[in-house]
Trainee: 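My questions all concern the structure below.
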Amino acid sequence: MSDLILFWHRRDLRICDNIGLAAARQQSPKIVGLFCLDRHLLNLDDVAPARVTYMMGCLQKLQQSYAESGSQLLIIQDEPSEAIPRLATAINAKAVFWNLDVEPYAKKRDLAVSNALAQTGIQVKNFWDQLLHAPEEIRTGTGNPYTVYTPFWKKWNSLPKTQPVETLPIISLEEMTGLSAAEAEIARQAGAMEILPSARDLGFIWENPLLIEPGENAAQEKLEYFCDLAIYEYQDQRNFPIINGTSQLSPALKFGAIGIRTVWQATQILMDNCRNEEGRTNIRTWQQELAWREFYQHAMYNFPELADGPYRQAFKDFPWENDEKLFQAWCRGKTGYPIVDAAMRQLNQTGWMHNRCRMIVASFLTKDLIINWQWGEKYFMQKLIDGDLSANNGGWQWSASSGMDPKPLRIFNPVSQAQKFDPEGEYIRHWVPELRRVDTKLLLTGNILPLERKFLPYPDRVVDHNEQQRKFKELYKQQKIVD
DNA sequence: TGCACCTTTTG
DNA sequence: AAAAGGTGC
């Protein structure tokens, strides 16, 4: 029996601090990597060109790492449940290892692959890698999953976190690993390419510069950069979209270009060395964001129906108005509300939007335009470089008030939000250049003078905030009776 | 990681 | 009179 282990990468596009890969390496010196460009990943209409470009960049770096180790990262563009058993059998692998995921599609796909591999007698081993705590670990006193963030955070924070795992080199000089030339030919015949297609080859064209550099090294550098300074001011600075006060690690965390244990350890070291209370509070605030990420992933794992619609009954048959013209105005950043338009243009042009603005535009779409939050959820997935089902769905359900957390009906006021978080109008002026010369006070309220407006290529407000919020509350009141 | 509306405090 | 604080949705 060969001792070759096929390691299937999915949301763990890295070598370091990779639980499943480390386990594989412990069992065998001969590891071959695999990635499946399956239809779900590429053919749906909610895939963002920026995100695919980032992912392909990560794969390219990962392939280099494998090559430098004397092994290969094989690429399959086929149905995993057919292609993986076919490949594993052809190259005589003794086992296929992979790290688990929380998404409904991934769970279903993995089950099909596991079942198909069971038929061939090839061993399967799975690991939890992308979370600090696996879904089964976080349970209430009665053994149920949490549906509210704060008690989840308390439990999650109380549990000890594991250190990053050490990954032995995939190959050491004495042990020749990877596929031989003859085996590589067999792999080719089984449908595995060694040439990585570009995002463009796959039909995803991203013309603008990629905001975040792909790959493991770049992610590590981003973490170190953030931990140098910005994390100490995170709580104060994260709300201002003109400031680079956030980590921008979300694409790396989405695709596993960095290990979550590595991230946590970096914050803990800062925490242990930080002498002042204020610094620790800021670090803690960022750690809570990591907990939000896990909260939403656990929620998706435990309640997969979240992916298909609102959690709360009151929103199951909500009479959304779903006006196509208003939706187009929102998408294009032409609502006449400067902060909303600035944010949407940032998204369209860079594939990224500051989180404060994500909340503002989400509230605006749902509460002001009275459009189903799922339209916005999908549009974000079509644009975001860090688009992730659990985080995006969680965020949108939070904004729509349709999610699990019991909460007041949050209706953001786009004017007061702009006044609070872009007080000088710098962010607005950057992304809505036609308003550059408008007086700051008027810019923030959006009350551009009629005379000035005549000469600006900027739209009138598509709706009136006060009127719409009254209307929304009325609709909500009627729905709540059913709840 | 809300806002509106109210009361209390401050200068 | 403005700022700060409390409360209900």
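Any value given below was found using the heavy atoms of this structure, including those in side chains, with hydrogens, waters and symmetry copies removed. Protein chains get the first letters and strands the later ones, always in sequence-line order, with residue 1 at the start of each. Nothing here was measured: the structure is a model prediction, and the numbers come from that model.
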Trainee: Just the rounded figure in Å: distance from P of B:dA4 to CD1 of A:Ile411.
Mentor: 9 Å
Trainee: Whole Å only: how far is the CZ atom of A:Phe412 from the P atom of B:dA4?
Mentor: 12 Å
Trainee: Can you find a side-chain donor-acceptor pair between A:Tyr225 and A:Gln220 that sits under 3.5 Å?
Mentor: no
Trainee: Quickly work out the A:His465 NE2 to B:dC3 C1' distance and round it to whole Å.
Mentor: 9 Å
Trainee: Does anything in residues 441-472 of chain A form a ring pair (Phe, Tyr, Trp, His ring centres under 6.0 Å)? List the pairs, not counting sequence neighbours.
Mentor: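 Ring pair (Phe, Tyr, Trp, His ring centres under 6.0 Å) check on residues 441-472 of chain A returns A:Phe318-A:Phe472.
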Trainee: Which residues pass the side-chain contact (heavy atoms from CB on, under 4.5 Å) test with A:Pro80, sequence neighbours left out?
Mentor: A:Trp8, A:Cys36, A:Asp38, A:Ile84, A:Arg109, A:Val113
Trainee: Rounded to whole Å, please give me the gap between NZ in A:Lys473 and P in B:dG2.
Mentor: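 It is 15 Å, rounded to the nearest whole Å.
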Trainee: How close or far is atom P of B:dC3 from atom CG of A:Asn466, stated in whole angstroms?
Mentor: 12 Å
Trainee: Contact class for A:Phe421 (heavy atom, under 4.0 Å): base, sugar-phosphate, or nothing?
Mentor: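 Contact class for A:Phe421: sugar-phosphate only.
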Trainee: Does A:Lys161, at its NZ atom, have more than 12 non-hydrogen atoms belonging to other residues, nucleotides or ligands within less than 6.0 Å?
Mentor: yes
Trainee: Within the structure, does a side-chain N or O atom of A:Asn413 lie under 4.0 Å from either OP1 or OP2 of B:dA4?
Mentor: yes
Trainee: Excluding sequence neighbours, so at least two apart, what forms salt bridge (Lys or Arg N to Asp or Glu O under 4.0 Å) with A:Arg280?
Mentor: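 Scan of A:Arg280 (salt bridge (Lys or Arg N to Asp or Glu O under 4.0 Å), adjacent residues dropped) gives A:Glu277.
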Trainee: For A:Lys420, answer base if it contacts any base atom (sugar-phosphate contacts may also be present), sugar-phosphate if it contacts only those atoms, and nothing otherwise; contact means non-hydrogen atoms under 4.0 Å.
Mentor: sugar-phosphate
Trainee: Which residues satisfy the salt bridge (Lys or Arg N to Asp or Glu O under 4.0 Å) test with A:Arg238, sequence neighbours excluded?
Mentor: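 A:Arg238 satisfies salt bridge (Lys or Arg N to Asp or Glu O under 4.0 Å) with A:Glu289 only.
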Trainee: Tell me the interatomic distance from A:Arg470, atom CZ, to B:dA4, atom P, rounded to whole angstroms.
Mentor: 12 Å
Trainee: When you compare the protein's N or O atoms with those of nucleotides 4-9 of chain C, which come within less than 3.5 Å of each other, and at what distance?
Mentor:
none

Trainee: Once you apply a heavy-atom cut-off of 4.0 Å, does A:Ser416 come out as touching a base, just sugar-phosphate, or nothing?
Mentor: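 A:Ser416: backbone/sugar contact only, no base atoms under 4.0 Å.
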Trainee: Looking at A:Gln469, I'd like to know whether one of its side-chain N or O atoms comes within less than 4.0 Å of OP1 or OP2 on B:dG2.
Mentor: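 It does not, given that no N or O in the side chain of A:Gln469 lies less than 4.0 Å from OP1 or OP2 of B:dG2.
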Trainee: List in chain and number order the residues that pass ring pair (Phe, Tyr, Trp, His ring centres under 6.0 Å) with A:His9, two or more places apart in sequence or in another chain; answer none if no residue qualifies.
Mentor: A:Phe7, A:Tyr66
